[in-house]
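Data block below; observations after.
None of the values given here were measured: they were computed from a predicted structure.
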Amino acid sequence: MPTEPGYEARRKQESERKRLRVLQAAGACFAERGFKKTTMDAVAKRAGVSKGLVFHFFGNKQAIFSAVIEDGLRQWSTLSEHRASSVEDDPLGELRALFLASFDFVEQHPVLILFARDDEGLGQQYRKQVVLCNKRWRDRAQRIFKRGIRDGVIRDVDARQVATIFHRTQVALLIAESRHGTIPRYDRATIETTLDIFIRGIQRG
């Protein structure tokens with residue numbers, strides 16, 4: 001029986017949409033309940049699909065968790081780069097954008113805060129991926145500091161050292177502001193004040 005033109009492409013697109021929906025639902029469940037307490041039934045119910053389809057896409061809970069983490073880390077890096085790139089002509093504005101992007105992202109993908117808090121030993125389990133993402137973030141910050149120094153808007157500081165401090169400041173806020181629940185809702189006034197103090201400290205004259 002001949003297949004309707006475009007049917008196979010539409011079928012694949014629909015399958016991918018369902019897979020992404022399952023991935024998003026799983027991320028929300030893991031963030032709220034942690035890995036151990038999340039069930040495939042809960043993921044399926046939240047995604048609005050059958051449990052069989054969840055197993056079809058990912059096989060088991062560990063596999064779907066790994067997919068959630070890898071997808072989240074990739075999206076976090078992409079968003080940070082995109083936000084920073086939108087203001088590349090302004091080093092101080094670029095630093096602000098790079099810093100704030102993570103808070104916006106974690107509120108939408110709270111499963112990543114489990115790494116900052118090292119819940120259930122995840123920091124060790126996915127250490128290589130996390131280290132790589134953090135290195136990319138610090139490298140980007142370091143390049144911005146160097147450009148700002150060259151352009152005369154940032155004081156003559158050790159760009160590598162300051163990038164590390166900048167990153168540690170961000171992580172400290174990500175953790176501190178999420179202690180009261182699994183789904184973080186950040187106090188933007190605290191974050192903005194901390195960032196303003198940091199920026200004033202490195203700004204030239």
Side-chain angles (χ1 to χ4, degrees), residues 27 31 66 68-119 121-205:
S66 295
V68 167
I69 297 306
E70 290 167 8
D71 182 68
L73 290 173
R74 185 182 67 254
Q75 288 190 53
W76 170 60
S77 293
T78 300
L79 177 67
S80 296
E81 287 288 332
H82 174 73
R83 291 279 184 87
S85 297
S86 67
V87 284
E88 281 187 333
D89 57 337
D90 174 12
L92 297 179
E94 191 175 353
L95 286 172
R96 293 185 66 87
L98 185 68
F99 191 88
L100 295 174
S102 292
F103 297 92
D104 293 337
F105 188 79
V106 169
E107 284 188 340
Q108 297 300 316
H109 300 76
V111 70
L112 293 187
I113 201 61
L114 301 179
F115 285 105
R117 296 192 302 232
D118 197 23
D119 285 15
L122 297 179
Q124 290 300 318
Q125 188 176 352
Y126 293 90
R127 181 174 176 77
K128 288 184 179 180
Q129 295 98 313
V130 176
V131 166
L132 179 59
C133 283
N134 285 339
K135 183 179 184 302
R136 287 173 179 164
W137 196 97
R138 288 193 300 270
D139 286 348
R140 178 60 185 258
Q142 185 175 336
R143 292 196 300 272
I144 300 170
F145 284 121
K146 286 181 177 179
R147 191 177 341 116
I149 294 167
R150 184 193 65 212
D151 294 348
V153 297
I154 293 177
R155 294 190 297 111
D156 188 11
V157 296
D158 183 326
R160 183 173 180 274
Q161 183 181 50
V162 174
T164 298
I165 295 170
F166 193 55
H167 182 239
R168 287 176 178 172
T169 301
Q170 183 200 61
V171 172
L173 281 172
L174 282 166
I175 297 172
E177 292 294 303
S178 68
R179 286 295 187 190
H180 302 299
T182 55
I183 306 298
R185 291 294 177 263
Y186 294 108
D187 179 358
R188 295 303 169 132
T190 298
I191 295 168
E192 290 282 358
T193 298
T194 303
L195 184 55
D196 285 343
I197 291 170
F198 191 98
I199 294 293
R200 286 199 297 270
I202 62 167
Q203 194 168 5
R204 182 182 290 276

Item to check | Spatial distance of atom CG (Leu92) from atom CZ (Arg200) [nearest 0.5 Å] | outcome: 12.0 Å
Item to check | Heavy-atom check, side chain of Lys128 versus side chain of Leu132, under 4.5 Å | outcome: no
Checklist entry - Within a reach of under 6.0 Å around CZ of Arg160, are more than 12 heavy atoms found that belong to other residues, nucleotides or ligands? => result no
Checklist entry - Between CD1 of Ile199 and CZ of Phe99, what distance do you get to the nearest 0.5 Å? => result 9.0 Å
Checklist entry - Quick one: does Leu95's side chain get under 4.5 Å of Ile202's, heavy atoms only? => result yes
Checklist entry - Do Trp76 and Val106 have side-chain heavy atoms sitting under 4.5 Å apart? => result no
Checklist entry - Should Leu195 and Arg96 count as side-chain neighbours, where that means a heavy-atom distance under 4.5 Å? => result yes
Item to check | Chi angles and distances behind the side-chain contact (heavy atoms from CB on, under 4.5 Å) call for Leu173, Tyr186 | outcome: CA-CA 9 Å; Leu173 281 172; Tyr186 294 108; over 6 Å; no
Checklist entry - So does Arg74 pair up with Asp71, basic N to acidic O under 4.0 Å? => result yes
Item to check | Minimum side-chain heavy-atom gap His109-Val68 below 4.5 Å | outcome: no
Checklist entry - So, for Phe166 and Phe145, is the gap between ring centers shorter than 6.0 Å? => result yes
Checklist entry - Would Glu88 and Arg140 satisfy salt bridge (Lys or Arg N to Asp or Glu O under 4.0 Å), going step by step from the backbone distance to the final call? => result CA-CA 11 Å; Glu88 281 187 333; Arg140 178 60 185 258; 3.1 Å; yes
Checklist entry - Does some side-chain heavy atom of Asn134 sit less than 4.5 Å from a side-chain heavy atom of Val171? => result no
Checklist outcome for this item: CD (Glu94) and CG (Asp89) are apart, to the nearest 0.5 Å, by 8.5 Å
Item to check | Pairwise distance CG(Asp151) to CD1(Ile144) - rounded to 0.5 angstrom | outcome: 12.0 Å
Checklist entry - Just wondering, do Phe198 and Ile165 contact through their side chains at under 4.5 Å, heavy atoms? => result yes
Item to check | Contact summary for Glu192 and Leu100, nearest pair of heavy atoms | outcome: OE2-CD1, 3.7 Å
Item to check | Over all atoms of both residues, closest heavy-atom pair of Leu73 and Cys133 | outcome: CB-SG, 3.7 Å
Checklist entry - Nearest heavy-atom pair of Ser102 and Gln170: which atoms, and what distance? => result OG-NE2, 3.1 Å
Checklist entry - Can you check whether Arg143 reaches Lys146 side chain to side chain, under 4.5 Å on heavy atoms? => result no
Checklist entry - Which heavy atom of Arg188 sits nearest a heavy atom of Asp104, and at what distance? => result NH1-OD1, 2.8 Å
Checklist entry - To the nearest 0.5 Å, how far apart are OG1 in Thr190 and CZ in Phe103? => result 10.0 Å
Item to check | Lys/Arg N to Asp/Glu carboxylate O, Lys135 vs Asp139, below 4.0 Å | outcome: yes
